[in-house]
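Structure record follows, encoded as structure tokens.
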Amino acid sequence: MTSMTSWTVANSRKLARQERRRRLGPLGLLSHLALVVWTVLVVVPILWTFLASVKSEEEIFGDAWSLPAALRWDNFERAWNNFHIGQYLLNSVIVVSFSTFGTMLIGSMAAYVLARYPFRGNRAFYLLFVSGLAFPVYLALTPLFFVVQNMGNVPLVGPFIGLNTHAGLVLVYIAYSMPFTVFFLSAFFRTLPTAVAEAAMVDGASHTRVFFQIMLPMARPGIVSITIFNILGQWNQYQLPLVLLQDREMWVLPQGIADISAAAGYDQDWSAMFAALTLAILPMLIIYTVFQRQIQSGLTSGALK
């Protein structure tokens, strides 16, 4: 009886695999092969970076995939103390936290109004936001520099939002992330049912209360997805802080790692550079791993609806 059951289970699995292959077809197999190749291209450099971060320089430039003779945690100590990675990491956390919060607050409200409230010029405002996706930020670096520089001349708040300030960089990050945020969330808000919002309005709820207490929680999958994308994009941004932050004490993590890379050509402290790269990669890797299901849920919910 047991052998019969095992044979039935094995046969069912075999039939399921054959059915899956039949449904996939040649194009599906090619897509799976492309995903495998892409996974290897992404995972292998990350693993090599982690491995190199605990090696000596002789081991790094020797057998690339050999295990270290001893785990050299002093690489992280040098990256933290000598190259000030701790300060740059703190600066990045502060800037990305405030910019992501501002992006999601303003972007979600703008997307909700554009998606749910018909008014004259609605389409024009939506296209104005979306057009930012087609405008490379690199083309605006020079005028952006002078805009932020002029913001420093504003009475009272100018010294806090001009060049070499984290608040100025936060404002630029918010503007930089707004087009994709509005584009994504406006499409998501259009898919939400209107019956709940209408019932709340009948009960006397204000537009603000309907948005924050009803519609925003309903859009949680989309909010989480776009929040993670914004965090990743702003965390890895290098060109904008390079132009807007010249003071070393105000630098964010990508600038600090680039400085270590440039110095490594002279000081040859490659071990500390890979340790710094590991410290930069780990927070984003942890965040993406923790919220992976929410990201997938948000993307598939928006696609299915």
Side-chain angles (χ1 to χ4, degrees), residues 34-97 99-100 137-138 164 166 169 173 176 227-292 295:
L35 289 175
V36 170
V37 173
W38 177 254
T39 301
V40 172
L41 292 176
V42 171
V43 172
V44 169
I46 293 177
L47 291 179
W48 190 87
T49 301
F50 290 167
L51 188 62
S53 67
V54 292
K55 283 184 173 183
S56 65
E57 292 182 5
E58 293 78 9
E59 292 171 330
I60 291 175
F61 291 102
D63 188 356
W65 289 103
S66 64
L67 294 177
L71 299 179
R72 299 182 179 271
W73 301 112
D74 58 303
N75 297 337
F76 291 90
E77 182 180 355
R78 291 198 312 278
W80 190 273
N81 296 326
N82 299 350
F83 295 103
H84 311 291
I85 285 298
Q87 181 63 45
Y88 302 147
L89 183 63
L90 178 62
N91 292 341
S92 286
V93 170
I94 293 173
V95 170
V96 173
S97 298
S99 60
T100 302
V137 68
Y138 305 102
N164 291 317
H166 287 156
L169 184 62
Y173 275 3
Y176 164 77
T227 298
I228 300 302
F229 282 125
N230 281 329
I231 290 174
L232 292 173
Q234 294 172 9
W235 183 269
N236 296 320
Q237 180 58 240
Y238 172 70
Q239 199 70 38
L240 289 175
L242 180 65
V243 173
L244 301 177
L245 299 177
Q246 283 83 38
D247 189 352
R248 182 180 289 268
E249 294 181 358
M250 307 298 292
W251 280 4
V252 291
L253 199 55
Q255 288 175 283
I257 293 177
D259 183 65
I260 297 175
S261 178
Y266 304 98
D267 297 340
Q268 298 181 345
D269 197 352
W270 295 95
S271 301
M273 186 188 72
F274 285 114
L277 282 173
T278 300
L279 292 174
I281 293 172
L282 279 178
M284 295 300 100
L285 194 62
I286 293 172
I287 289 176
Y288 190 83
T289 303
V290 171
F291 294 100
Q292 179 183 6
I295 295 173

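Side chain of Lys55 to backbone of Leu71: no donor-acceptor contact under 3.5 angstrom is found. Under the 3.5 Å distance criterion, the side-chain polar atoms of Asp247 are left unmatched by any main-chain donor or acceptor of Asn164. With hydrogens and angles ignored, the 3.5 Å screen pairs no side-chain donor or acceptor of Trp65 with any backbone N or O of Leu51. With hydrogens and angles disregarded, no donor-acceptor distance shorter than 3.5 Å links the side chain of Asn230 to the backbone of Thr227. Between the side chain of Gln239 and the backbone N or O of Tyr138 there is no donor-acceptor pair closer than 3.5 Å. A donor-acceptor pair under 3.5 Å is formed between the side chain of Asn91 and the backbone N or O of Glu249. Between the Ser92 side chain and the Leu253 main chain, a donor and an acceptor come within less than 3.5 Å of each other. Without hydrogens or angle criteria, Glu59 side chain to Ser66 main chain gives no donor-acceptor distance under 3.5 Å. Remark: the backbone N or O of Phe274 is not paired with any side-chain donor or acceptor of Thr49 at under 3.5 angstrom.
When side chains are defined from C-beta on, Trp48 counts as touching Ile60, because their heavy atoms get closer than 4.5 Å. In this structure, the side chains of Pro254 and Val252 come closer than 4.5 Å at one or more pairs of heavy atoms. Under the 4.5 Å side-chain criterion, counting only non-hydrogen atoms from C-beta, Tyr288 is not in contact with Pro283.
Between the side chains of Asn81 and Arg78, no donor-acceptor pair of N or O atoms lies under 3.5 Å. Remark: the Gln234 side chain and the Thr100 side chain contain an N/O donor-acceptor pair separated by less than 3.5 Å.
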Problem - Residue pair His84, Trp251: steps toward the side chain to side chain contact (heavy atoms under 4.5 Å, CB included) verdict - result: CA-CA 10 Å; His84 311 291; Trp251 280 4; over 6 Å; no
Exercise for the section: Verify side-chain hydrogen bond (donor to acceptor under 3.5 Å, both in side chains) between Gln255 and Asp259, making sure each step is shown before the conclusion. Expected result: CA-CA 6 Å; Gln255 288 175 283; Asp259 183 65; over 6 Å; no
Exercise for the section: Apply side chain to side chain contact (heavy atoms under 4.5 Å, CB included) to Val54 and Phe76, showing your working. Expected result: CA-CA 8 Å; Val54 292; Phe76 291 90; 3.9 Å; yes
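A distance of 8.0 Å separates CD1 in Ile260 from CG in Leu277, rounded to the nearest 0.5 Å. Expressed to the nearest 0.5 Å, how far CD of Gln87 lies from CH2 of Trp80 amounts to 9.5 Å. Between the CZ atom in Arg72 and the OG atom in Ser271 there is a gap of 7.5 Å [rounded to 0.5 Å]. For the atom pair CZ (Phe50) and CG (Leu285), the distance works out to 5.5 Å, reported to the nearest 0.5 Å. To the nearest 0.5 Å, the span separating CG on Leu169 from CG on Leu240 amounts to 7.0 Å. Taken from CD1 in Ile257 to CZ in Phe83, the straight-line distance is 12.0 Å, to the nearest 0.5 Å.
Ring planes of Trp270 and Phe61: perpendicular class, angle over 60° (limits at 30 and 60°).
Residues Met250 and His166 approach most closely at O-NE2, 3.0 Å, considering heavy atoms.
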